[in-house]
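Everything on this sheet refers to the single structure shown next.
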Protein chains: 2
Amino acid sequence: MDSRRILLLIFDGLGDRPVTELGHKTPLESAPKPNLDWFAANGMNGLLDPIEPGVRPGSDTSHLALLGYDPHEVYTGRGPFEAAGVGLELHKGDVAFRCNFASVDENLVLTDRRAGRIKEGTADLAKALDGMKLGRFRAFFKEGTEHRAVLLLRGKGLSARVTDTDPHEEGEKIPESKPLDGKAKNTAKALNLFTRRAYEILKDHPVNRERVAKGLPPANMVVCRGGGIAPQLEPVTHKYGLKAAGIAGVALIKGMFRAAGMDVIEVKGATGGLDTDMVAKAEAALMALTTYDLVVVNVKAPDLCGHDGKPSEKIKVIERMDQMMGHLKTHLPQDVIVAITADHSTPCGIKDHSGDPVPLTIFGDGVRVDEVPHFDERSVARGSLGRLRGKDLMPILLNAANRSEKFGA
Amino acid sequence: MDSRRILLLIFDGLGDRPVTELGHKTPLESAPKPNLDWFAANGMNGLLDPIEPGVRPGSDTSHLALLGYDPHEVYTGRGPFEAAGVGLELHKGDVAFRCNFASVDENLVLTDRRAGRIKEGTADLAKALDGMKLGRFRAFFKEGTEHRAVLLLRGKGLSARVTDTDPHEEGEKIPESKPLDGKAKNTAKALNLFTRRAYEILKDHPVNRERVAKGLPPANMVVCRGGGIAPQLEPVTHKYGLKAAGIAGVALIKGMFRAAGMDVIEVKGATGGLDTDMVAKAEAALMALTTYDLVVVNVKAPDLCGHDGKPSEKIKVIERMDQMMGHLKTHLPQDVIVAITADHSTPCGIKDHSGDPVPLTIFGDGVRVDEVPHFDERSVARGSLGRLRGKDLMPILLNAANRSEKFGA
């Protein structure tokens with residue numbers, strides 16, 4: 001039995017609902033996409049509930065499920081994946097928070113939650129906070145894109161059961177973090193100490209003096225949210241016996257890949273934004289397939305259009321996705337199983353994730369090609385895969401790739 | 001994100017199997033039902049296994065599942081729901097039994113299991129038994145419709161693991177209740193004490209003297225079955241954050257709604273019988289939707305035709321259901337998600353519940369309308385919802401109503 005390699009393409013937030021101004025079609029149903037349709041027409045198709053029917057997934061819980069983990073069991077919060085995404089190494093027991101550089105006045109009242117969407121100097125600011133000792137804990141701090149950053153606490157006896165220091169609303173004072181149970185007291189104390197020291201260090205930092213001189217809001221505070229303890233994921237290398245790599249523009253998904261024991265391949269031009277170079281991602285994936293058994297690619301762009309409520313932009317993104325698929329179609333080796341799906345729907349009409357199922361196409365040698373002609377939400381519903389759950393995807397792909405372990409004799 | 005209200009219509013026992021004399025069609029496939037078909041044609045459709053594929057549900061276990069509870073976990077027997085249905089309040093630890101007023105001879109041999117389907121005087125008879133002290137337990141007793149009644153025992157150390165005092169067959173002597181384990185000894189003792197006292201109190205009761213004088217069988221005994229300990233259900237108000245109400249003709253379903261923390265709306269003309277006023281139920285549901293987020297309506301009539309094995313009657317009931325749907329179609333506000341389904345199949349050919357899946361249509365703004373033209377068992381099987389389970393229904397409806405909590409980030 002020849003084993004095959006697997007290419008899993010996850011188009012973030014691709015699913016949608018019928019849109020009135022598109023004649024009650026979804027963006028996928030409206031977009032010209034001959035290459036996506038070619039894969040559907042030459043593959044087997046179905047609908048996928050990333051977590052369970054009706055459940056509204058986050059990108060993190062959904063990617064966990066698509067990689068075969070049970071998010072109900074292993075998901076501890078977004079922080080640790082963000083930490084892994086910016087390149088911080090996760091140790092057992094670490095607690096990580098998503099942070100923003102923010103602006104506060106002298107009474108610690110929030111005046112700009114993103115410090116004017118600061119773009120430059122955040123590496124210097126982060127360096128000034130990195131390595132701090134907080135009693136018996138140690139703090140690691142690293143900048144992400146723009147105003148985003150990650151705080152990672154390390155030491156014995158940490159807990160993620162503490163409240164955020166992010167007031168979320170401008171005009172509010174920075175709140176103290178409070179423990180949600182007795183075991184979290186020291187963590188809350190350390191987080192509050194970090195917050196006070198961060199303000200002291202940042203308020204007179206040269207980067208901020210320069211910003212103030214230019215009339216820009218200073219990045220003189222760090223607000224933290226989404227704390228989670230480092231999850232213990234069985235690496236996919238071990239779980240499936242696959243050498244695996246991931247390609248993504250956004251830190252959260254890169255972190256997810258790293259936490260799952262996958263190598264992250266950096267691609268020039270893969271921004272995680274609307275301007276991302278999808279063909280470059282496809283080329284990187286094809287290259288990766290020469291050395292990896294499983295390559296997972298996340299494309300964030302359709303999700304952004306959904307969150308912005310812009311169906312016409314989503315259609316344009318789908319047309320660019322289709323060029324990417326055209327490139328793959330032309331250059332794909334024979335022995336690769338391709339799965340095309342999404343991590344969740346982000347309907348333009350609701351500007352947020354929804355629990356509507358997403359399309360799934362599986363293409364490759366040996367699949368039971370069905371009669372679905374188009375890759376969209378309603379066409380695939382008539383496909384031979386039926387309605388599946390995220391956790392079923394990896395077993396199905398391993399089977400299609402002739403890599404399943406036999407259960408029984 | 002605009003949240004919507006939810007109207008869930010449960011047509012009891014609606015599903016069926018092909019009937020030879022209907023040209024191998026089901027009653028649903030044979031009945032003219034333009035309004036039900038309109039909802040299917042303008043909605044998304046699928047098949048629903050109320051519990052699991054092939055499992056033959058009771059109305060109680062199925063309603064639990066459709067409301068999102070796991071009946072394997074929370075179902076303790078029919079008694080408690082019957083008790084809540086006749087208006088008895090359930091406390092933690094209470095044990096309730098379904099009862100019949102019955103006729104026995106002087107040797108306590110059952111001569112009529114329904115005391116001639118007694119209709120009048122049962123409130124007086126019940127009153128004579130209500131409030132009895134049975135050792136350290138207290139008995140509450142309330143009449144239901146016709147010969148039906150409920151016994152509820154309250155006190156510390158009760159158990160439902162006791163055998164019935166209902167011999168089920170006429171000509172049999174009223175059996176002693178026996179404990180099924182050591183912890184149930186006191187409950188069996190109390191139940192036997194209740195049975196003896198009930199006979200002593202009822203045999204010379206004026207209502208029965210009058211019945212005997214008229215040549216009617218006396219309601220001189222109470223037989224008990226289906227004992228269950230009060231289930232602990234997380235109220236739907238808390239579970240889903242919905243203000244919820246239920247409309248039903250029969251006590252069992254009313255009790256189910258109450259046990260799930262829902263308000264029960266009494267509708268004049270909603271009898272739970274074939275003569276029930278379905279349009280009055282639709283009107284009550286529309287009115288309820290002005291103050292409730294979730295309204296659940298049970299219509300018992302199709303189940304009765306199934307139990308009676310009368311496909312032509314079932315067709316007539318479906319035509320009346322269709323008038324009800326026509327009323328709803330005309331008066332439905334824009335922001336309501338409507339789900340049309342059944343709690344189980346009651347095929348006329350087997351005169352009992354079966355494990356065949358039931359049709360499901362979900363209609364409302366934003367749903368991915370599919371190409372199913374008719375609301376029946378075989379048409380909906382080609383719909384975009386695929387094959388779902390009862391427990392998936394509430395998450396799917398919450399998602400369609402934009403009321404889901406996001407799981408993850």
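In what follows, every chain begins at residue 1, and chains take the letters A, B, ... in the order their sequences are listed.
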| message | Keeping Arg378(A) on the side-chain end and Asp370(B) on the backbone end, is there a donor-acceptor pair under 3.5 Å? | response | no
| task | Count the heavy atoms belonging to other residues, nucleotides or ligands that lie under 6.0 Å from CD of Gln334(B), then report whether that count exceeds 12. | result | no
| message | Is Leu388(B) close to chain A through its backbone or its side chain, or both, or neither, when contacts mean heavy atoms under 4.5 Å? | response | side chain
| task | Heavy atoms only: give me the nearest Asn399(B)-Arg17(A) pair and the separation to one decimal. | result | O-NH2, 3.0 Å
| field | Distance-minimising heavy-atom pair for Pro18(A) and Gly366(B) | value | CD-O, 3.5 Å
| Asp16(A) backbone acceptor or donor facing Arg368(B) side chain under 3.5 Å | yes
| task | Find the one option among Ser62(A), Ala381(A), Pro347(A), Pro357(A) whose heavy-atom pairs under 4.5 Å with chain B are most numerous. | result | Pro357(A)
| message | Rounded to the nearest 0.5 Å, what separates atom NE2 in His353(A) from atom OG in Ser404(B)? | response | 13.0 Å
| said: Quick one: does any side-chain atom of Arg387(A) pair with a main-chain N or O of Gly386(B) as donor and acceptor, under 3.5 Å? | reply: no
| said: For Gln232(B), is the CD atom crowded, meaning more than 12 foreign heavy atoms sit under 6.0 Å from it? | reply: yes
| request: Decide yes or no for Glu371(B) and Arg382(A): does some side-chain heavy atom of the first lie under 4.5 Å from some side-chain heavy atom of the second? | output: yes
| field | Contact summary for Ala409(B) and Asp60(A), nearest pair of heavy atoms | value | N-OD1, 2.9 Å
| Under 4.5 Å from a heavy atom of chain A, the part of Glu405(B) involved | backbone
| said: Please check: side-chain N/O of Thr61(A) versus main-chain N/O of Phe407(B), any donor-acceptor pairing under 3.5 Å? | reply: yes
| Where on Val369(B) is there a heavy atom nearer than 4.5 Å to chain A: the side chain, the backbone, both, or neither? | both
| said: Using every non-hydrogen atom in the two residues, find where Pro395(B) and Pro53(A) come nearest and quote the distance to one decimal. | reply: CB-O, 3.4 Å
